[in-house]
Each structure stands twice: as C-alpha cells, then as structure tokens.
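Below, each value reflects all heavy atoms present in this structure, side chains not excepted, and no hydrogens, waters or symmetry copies. Just so it is clear: chains get the letters A, B, ... in the order the sequence lines come, proteins before strands, and each one is counted from 1.
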Amino acid sequence: MPTGPHWLSLRSAGPATTGRLCVATLALPMILAARAAEAAGVLDPEGPIGAANRQIMLNALGIMLVIVVPTILAALVFAWWFRESNTKARYRPGFAYSGRIELIVWSIPIMVILFLGGVIWIGSHELDPATPIQSQNKPLNVQVVSLDWKWLFIYPDQGVASVNDLVVPAGVPVRFMLTSDTVMNAFFIPQLGSMIYTMNGMVTQLHLQADRPGDYYGLSTMFSGDGFPDMHFIAHSVPADAFEKWVAGARGNGPALDQAGYADLQRRKSRVQPFTYRSVDPHLFEMIATQKIPPGPGPDAGRGGPGVHPQPEG
Amino acid sequence: MLGKLTWDAIPWSQPIPLIAGAVVMLVLLGVLAWVVVKGYVPYLWREWITSVDHKRIGVMYTLLGLVMLLRGFIDAIMMRLQQALAFQSGGYLPPEHYNQIFSAHGTIMIFFGAMPFVIGLMNFVVPLQLGVRDVAFPTLNATSFWLTATGALLVNISLVVGEFARTGWLPFPPLSETGYSPGVGVDYYVWALQISGVGTLMSGINLVTTILKMRAPGMSYLRMPMFCWTALSANMLIVAAFPILTATLAMLALDRYLGFHFFTNEAGGNMMMFMNLIWAWGHPEVYILVLPAFGVFSEVISTFSRKPLFGYRSMVAATLFICIVSFTVWLHHFFTMGAGGDVNATFGIATSIIAVGTGVKIYNWIFTMYGGRIQYATPMLWSVGFIVTFVIGGMTGVLLAVPPADFMLHNSLFLVAHFHNVIIGAVLFAAFAGLTFWFPKAFGFRLHEGWGKASFWCAFIGFYVTFMPLYIVGLEGMTRRLQRYDVPEWRPWVLLAGVGIIILFAGAVCQVVQLVVSIRDRDKLRDEMGDPWNGRSLEWATASPPPAFNFAVLPNVQDEQPYWTIKQRAIETQQLPAEPDYQPIEMPRNSPTGFITAFFSTLTGFALIWHIWWLVVVGLVAAYAIFVWFAWRDVEDYVIPAEDVAKIDRERRHARQAWLDANARVGEPA
C-alpha cells in the first residue's frame, strides 16, 4: 500500500542535505546581488545622492553581515552536529541557562544597533531630501505635479513645462518642489537617489543631481489607480548647452499651460506621450498646491459607480 | 429595495471571476448537499457550529485560515502569471481586475489567512498549556470566530457580486475616497474588516483574560510555557492596536458614506493622518502575527532538541520588549513622506532596536539546540528553516529601517520580498510547524511525515526561488503593484519568481495531500498515549484528542516544565500518580449565539455595502436581540457526572500505564 514519499524522510541522511541546501541558498542571494549590481538600479548610482544612499545601505549591510553570517552558520552547525544520530555529540539535557552566554546574547545585538543607530542618525540628517546639495552651480528649479496618470514638470525660471519627460543639465543640482493633482504618488529616479511622496494640497522637497549626461528611468512608486503602470518617464541628463537648446526648442512650440490648458491635462489619461508646453502660468504650481485649482476629477460618472462592475478606462 | 444592487453587479462580461465564482459555488453547494444527504447537519450543528469548546473553535479558526491561505495563494499565482506575461503588453488581466487581485491577496492573507491560523493555534493550545478547561468567555469566543468568518465571507462574495477594493491591502486615501473609488470595492473592504475586527478584538480580550486569570494551580507567570507568553503579548497588542484600526476605518466609512472630510483632499482632510493611524495599528499587527510564531518555534525547538528552552527568562523579557517597542516604530512605513531628519532618524533607530529582541530570541533558539539531541520531525525542519530564513528577512528589514536606504527601496519589490521573507519565513512556517505539532493533540493521529517533509522542502526552496529575484529586481528599481511594465532588465527576475511560485504550489499540493493521506491512514498514525513528541508542557498530559473538560483534575504545577516533571516521576517510579478523587465538572453549554449573530452581521455588512438601509436596520436589531436573548438565559452550564469523568480519565491512565510498562522494558532514555 503506497504511503507517500518515504525517500524524503530525513531520519538517516537528512540533516546533511539540510545543511548543504541551506549553504547553497545562502550563497545564492550573493551571486544574484552581484549580478544585479551590473544592471541599472539603485546599486548603479549616477549622482551624489544615489551614491551616498548606496554607501549607507552597503555600510549597514556590512555591519549586519558581520553577525548575520556567523549566526546562520552557528544555527546550521548546531542543528547538524546535535542531530540525534550523531553519537559524538554530547547530550546536555540540563543546559538551559548560562549567565555568560546571556550577556553575550544581549550585548551583540545591542552593540550592532548602537553602531547602526549612528549610521541612521547621521544618514537621516545628511541625506534628508529637503537638504540642498552643495555645489558651485546654481540649482535648477523644477516643480513636479503628479496627475492621473502622467507627470508634469514645470521649469519656473525658464517658463516652460513638459509632460512625462524630464530634462536636466548634468552636474547641476536640481531642486524639486512636488505636489499632486489627485491621489498620492511617489517621485523616484532610481539611479539618481531618494524618492519622495507627492500629495495634494502639500508641497514636498527633493534635491537630486545627475553627474553625467545620460537617460535615467523614472517612475511613480505609490500605487495611484488603473493607469499607475504608465506613470513613468525618462530623466534626460544633458550638457548645459544642450539644456539651453532644449529650453529654446520648448519655447518655440507646443501649447500654453494656462488654467485652461491645465484643466485639459487634468483629465484622466494613461499612456501619454511626452510633449512640452511653450509657456507656463507662473502661479500655476502655487495654485495647484494651495488647492485654488480644485483636485483632478475621479472616474467619470457611471464607471465603477453604483451597482456597476468596473470597466476599463483611459 | 435593494439599494445599489442590480444585476449589473455580477461581472457577466468577465470570464475569470465568473468561472471562479461558479466553481466555488458548485463546490460549496456540493459540500452542503453531501452534508445534508449524509445526515451530518445535526452533528455539525451540535458539535461544531454551536460549540463553545475552545478546542473546536481553535480547529475551525485554523481550518478557515487554511482555506483562506489557499484562496490568497491562488491570487498570488495569478499575480505572478500576470507579471510574467505583461512585459511590454497588457498580460491577461486588465488593470481594474489585477488591482483587485493584489488588494485581495494582501487583505486575505493577513486578515483571513494568517490571523485566523494564529488565533486558532492560540485558542486551541493556550488553555491546554495553562492546564485549564476553557477560555474565560467561551460563548464570546464562538462569536469571535463566527464574526471572523463573516468577514472572510464578505470578501469572497465580492468576487462575484460587485468588486473588491482596488487600492492595495491598506486603502490609502485619497485613492480610497468616493471621488477616486466610487465603486463598492472599498466598502467591501471596510465592512469585512470592521466586522472581523470586532471578532479579533473580542478574541484578544478573551485570551488576555484567560492567561492573566485562569491558570492551573501553581502556574505562576514565570512557569507559563513560552507559547503562552507570546500569546499574551500578541493578544495585548490586539487589545491595544485593533481599536485604532476600527477607528481609522470608521473615519474612512464616515468619509465615504456621510461626506465627512477626515482624509479627503478637500475641506481640510488629511491623508497623512490616515497613514499614521493605519500604521499605528499596522506595525503592531506584524508582531501580533509573529510573536505567536516565535512561541510555536520555542515549543518545537525545545521539544525536538529534548531540552528545556534556553534562557527562558531572557526569552520572556525579549518578548515583552518586542511587544512594547513595536508600538513606537510605525513611521518607518513612510520615511518618504518628507518628515525631516530628526523624525526619520528617531523612528529608524527605534525600528532597529526591535532587532535586539529578535536577535536575543534567535540566539536562545540556537543555544536550545546546542547540547540537544535533535529529532528532525517535520515541525523541527520548519523551525530550522525559519531560523535561517528569518535572519535574512530581519537583516533586510533593518536595512529598510535605515532612512537613506529606504529612500531608494520603499515600495519596491525589495520591500515586497522583505515582508514575504519574514511573514512566510516566520508566520507561515510556524503555522505549518504548529499544525503538524499539535494536529495529533487535536485529532488523535499524527500527520504523515513524508508528505510533511516534502511540503517543507518545496516551501523552503520555493520561497527562495520566488523572493530572492524580487529582492534583486527591487534593487533595479521595480516598484510593486505594476499591472504591466516595459523594462527589459526586470523580465528575467520576474520570470524566475514565476518559477518559484510553481515550487511553492507543489508545496501547497503536498500539504493538502498530507492531510488526505493522514486521514486515510489515521489508524496507522494513531497517537494512543497523548504524548507523541515526548512533550514538556501540559497539553501533552491529557489524552489526544482531549476530553471536553481537558483535565479531569487540574494539574498542580511545580516548575517551568510541568508535564515533563510529572512524566519523569512516573518513569522513575514506574507508576502513575495515585488515582485522584473524581468530582463532577461544570462545563459551559453550547450556544448558537455566535453563529446567529454572525449571520445577521453578514446581512448587515452586505446591506451597508450595497446601501440597503432597511436590511441594515433588520440585521443590527436582530444581532442585538440575539445578544440580549443570550444574556437572559438561565442555565449556563451542564454538569459532567463524576463517574463519567472517572471513566474517561481511566482510559487515559490506562493508555499511559501501558506506555509506562512498554517503556520499562525498552529503557527509553526520555
């Protein structure tokens, strides 16, 4: 009568397999992490904020690995050595307390956390997103508005704006002021560093800088509804003269972003192709952030409404 | 008459929920028909539905948890499949469907999978370990369970009637406000959680009272088994945290139903308040789940290492430390809100301090194994797998507690991998360790070891293959909840995670097969004596399954391992303690209060969701009436005569004496 897979029983050779598999699984993440470091992401920063964030992350990881690796190894070694079938292992059924071990057991994590606490305290202050980046270059101001479901970037000093396309000069700090037209979003360019929430009726601040020219993927990391997967953009870091050229080009064509133009942009739409505005109402961002312009509308009436099963939109 | 409810609420045009719903209905109807035809209804009504026995309720909680874990797991498979397909295309699930699935997955796994499972284990085990006959408020206990089942039912009704929330497992406003989510999805979420939340809170009060007030003679606090300590901590957290959830969701409901402005964009509403409140509940919730898991591992590791738990007092201190500190860390869930360096640093440090408590626990488990004689039964495999997995998950958790690191990893798949790392590695592993460990106590036969081990290896390997790639792809910037994506670098990792979930699926299949095979072969797996694992705490002192009254005579506790001491004395003297003077035992009578209250709560919840106001009134009045009717009853207890108690207990003594006689010949070293 079949009773199931007895070959899986570990009574005889079991813990050996356990040990080997566990070591393999420990090695796996490290190999994977090494592979990941080659791809574009937070481990491949292209600016000072991303680099500093990564450094702190790796420092914290290093501090923890110092105890995490021995801990895992100790767990596996003890679990293996003190297996029932090992006659060489000494059975100490009464060993349930040791003041010395207790002392070590409490002090190791406490010391690690003291160390880490310092890293956290210093890092949180130095890398607070609202802290400006030290630089000889005057920062570029960009106002960011998240809408359903696209990003609006306003360049107040240049008087132009763009949708789903961010262009910044390389090597120049960028001072972002961010708000949201509707629901919460989070603004994030992984290779440049920190992300920050955008919220209606509020302004958050973020300082980033791209060191070199290049195209960096940017996205929203806070779920915002059906069009959420389309809330991504490319951050183009370009040389200073190319940036000037881009601004001049933007001024030359595209619609004007006044209140009427903004009302048009507020309509829910996903998969919006990048475009630019030739001019911007200088008070627009302030009016959005202070709700003088009411928040963007939700779904059109009837959809997902009373008794109606949700229908696709946009 | 029916509020917003019309035929349009049923997704006629969408085959997936329609077919899924139809299959579930067919299965349910089939089971019901089978129960009726076989004539099991009176038995079910008498022995289970109206039961106030903590053991029966614990079993029903656990069963609900198991079924809902499967439902949530199907959601997980659908999500992995969608992301595997949706590279530069729409996949097979449109956003309005995919968004419901990830919301339902999280909601179901936490509230209706993990919570009932953990509460079920506590319900079953804690009174037995304390050496008492029931929980403090038995009828309330039944009501708690049935209200939890109500919540689970409402969430599953949303599959075919209307929609579920499309806002994530925590409905962040303003997305969850009527302006942006006008459908009934968020309402399903709110009322399912409000009703089951009442059940959870009552269950918490019940267990805290039980542990504080109802221990066997001689069982001082510092003689309680570790699982009772973790249960006490978890239930104190429930009592402290669940009212916050209830209040927060009540405010959201007021916004949605009566046009209030707690969290809206307009009129001074503040979404940041919701974030703070929901996480002030949400972070303790993590520890509500994980502390009992720690308790399970403490029991399992000690039992199968054949040693007392190392550093018991240290473990108690660490548990209470975690319990308190877990209330001071909620802000780490939104470091990216821009609160500034001081606030972020304070909460970052507070979060990492929790690692001191968990670190101490890990070391004490390791030293429990040190000098042991470890038997690798299935529960022990889950435990060793847990230690390795949880240490990794804890490390990535502390990494996320470092604000500058969180600024790059928040909401990414790295975060998703982290919390699955700790929830699967601790709570799920503990659930299955506990299930295997205490199953013979509940049913009188063990679970099949081979299938249990197969299940462990699939879950263990499947976990790593699924979630290690998600760590990587999170570092590459992939965020959570993406219905489609077009970054080619992410694709291989997403596909690898898809392979992992196939392995996890094999684990789930093994788990189900294990149950089926074990029930089929139950005679071979019989636990005659009531102590299948050479246990140490009092649940092993009674028979398997225990009689309704648990203990014929309440045990007299003299140290931290009461049953171990009794057992050793019996082995030394080669005889059981003298037969006690049996007394009649009063036990609480069965009551349909819980079931009927939950029935009307279901009606009320459904009516609130669909704005059927008359039914809301009917349901509320009826639920209140049943409570009043219960409060006025005259006879609360029934009496088990002394001769019946004696007869049942003599059988237990007989089995033990037989074991003792056999043991004397073998010279079992115990």
Side-chain angles (χ1 to χ4, degrees), chain A residues 4-6 8 10 14 22 25 29 32 36 39 41-43 53 56-57 60 64 68 72 74-75 78-79 82-84 91-93 95-96 102 105 109-110 113 116-117 120-121 123-125 127-128 183 190 194-197 200 204 221 223 226 229 295 298 304-310 312, chain B residues 4 6 8-9 11 94-96 163 168 174-175 179-180 182-183 265 308 310 314 336-338 341 344-345 348-349 352 356 359-360 363 366 369-376 384 387-388 391 395 402-405 407-408 411 450-451 453-454 464 468 472 475-477 479 481-484 489:
Chain A
H6 276 299
L8 282 155
L10 291 172
C22 292
T25 44
L32 293 179
V42 299
L43 295 179
N53 283 345
I56 285 187
M57 186 167 84
M64 285 189 287
V68 161
I72 293 178
F78 289 175
F82 291 102
R83 69 195 184 277
E84 192 180 24
Y91 181 38
R92 302 174 67 187
F95 182 64
E102 289 290 336
V105 152
I110 288 175
I113 296 309
L116 214 56
I120 290 174
W121 185 263
S124 299
H125 285 87
L127 287 162
D128 184 45
V183 302
S194 300
M195 71 176 80
I196 194 113
Y197 285 159
N200 186 260
T204 45
T221 58
F223 180 70
D226 289 354
V308 176
H309 208 77
Chain B
K4 303 195 319 188
T6 64
D8 288 344
E96 66 275 7
E163 55 162 352
L175 182 61
Y180 299 104
N265 279 339
F310 185 86
S314 221
T336 52
M337 200 179 261
N344 282 354
I349 292 171
S352 54
V356 174
V360 167
Y363 287 120
I366 292 176
M369 294 194 290
Y370 180 87
R373 201 173 262 180
I374 305 171
Q375 291 166 308
Y376 279 95
V384 176
I387 293 180
V388 173
V391 168
M395 180 178 74
V402 179
F407 292 160
M408 302 196 299
N411 270 354
W451 285 105
K453 283 172 179 163
Y464 283 94
M468 290 300 137
I472 306 298
L475 287 169
E476 289 183 7
T479 193
R481 298 173 174 169
L482 284 177
Q483 182 261 345
R484 56 186 179 272
E489 288 87 358

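In this structure B:I349 satisfies the side-chain contact (heavy atoms from CB on, under 4.5 Å) test together with A:I120, A:W121, B:I353, sequence neighbours excluded.
If you measure heavy-atom distances from A:I56 to chain B, the contacts under 4.5 Å come from the side chain alone.
In plain terms, the two heavy atoms of B:P308 and A:P93 that are nearest each other are CD-O, 3.1 Å. Contact record, B:P403 with A:S124: CG-OG, 3.2 Å, taken as the closest heavy-atom pair. Here the closest non-hydrogen pair linking A:P229 and B:Q483 is CG-N, 3.7 Å. The two atoms that bring A:T221 and B:N411 nearest to each other are O-ND2, 2.7 Å, heavy atoms only. Pairing each heavy atom of A:P109 with each of B:V356, the nearest pair is CB-CA, 3.7 Å. In this structure, B:R481 and A:F223 approach most closely via the heavy-atom pair CD-CB, 3.7 Å.
The structure places CZ of B:F310 at 4.5 Å from CZ of A:F95, a figure rounded to the nearest 0.5 Å. To the nearest 0.5 Å, atoms CG (A:N53) and CE (B:M408) are separated by 4.5 Å.
With chain B as partner, the option from A:S194, A:G123, A:A74, A:A60 having the largest number of non-hydrogen pairs under 4.5 angstrom is A:S194. Of the residues considered (A:D128, A:V105, A:I196), A:V105 shows the highest number of contacts with chain B, using heavy-atom pairs under 4.5 Å.
In this structure, the side chains of B:I374 and A:E84 stay at 4.5 Å or more apart for every pair of heavy atoms.
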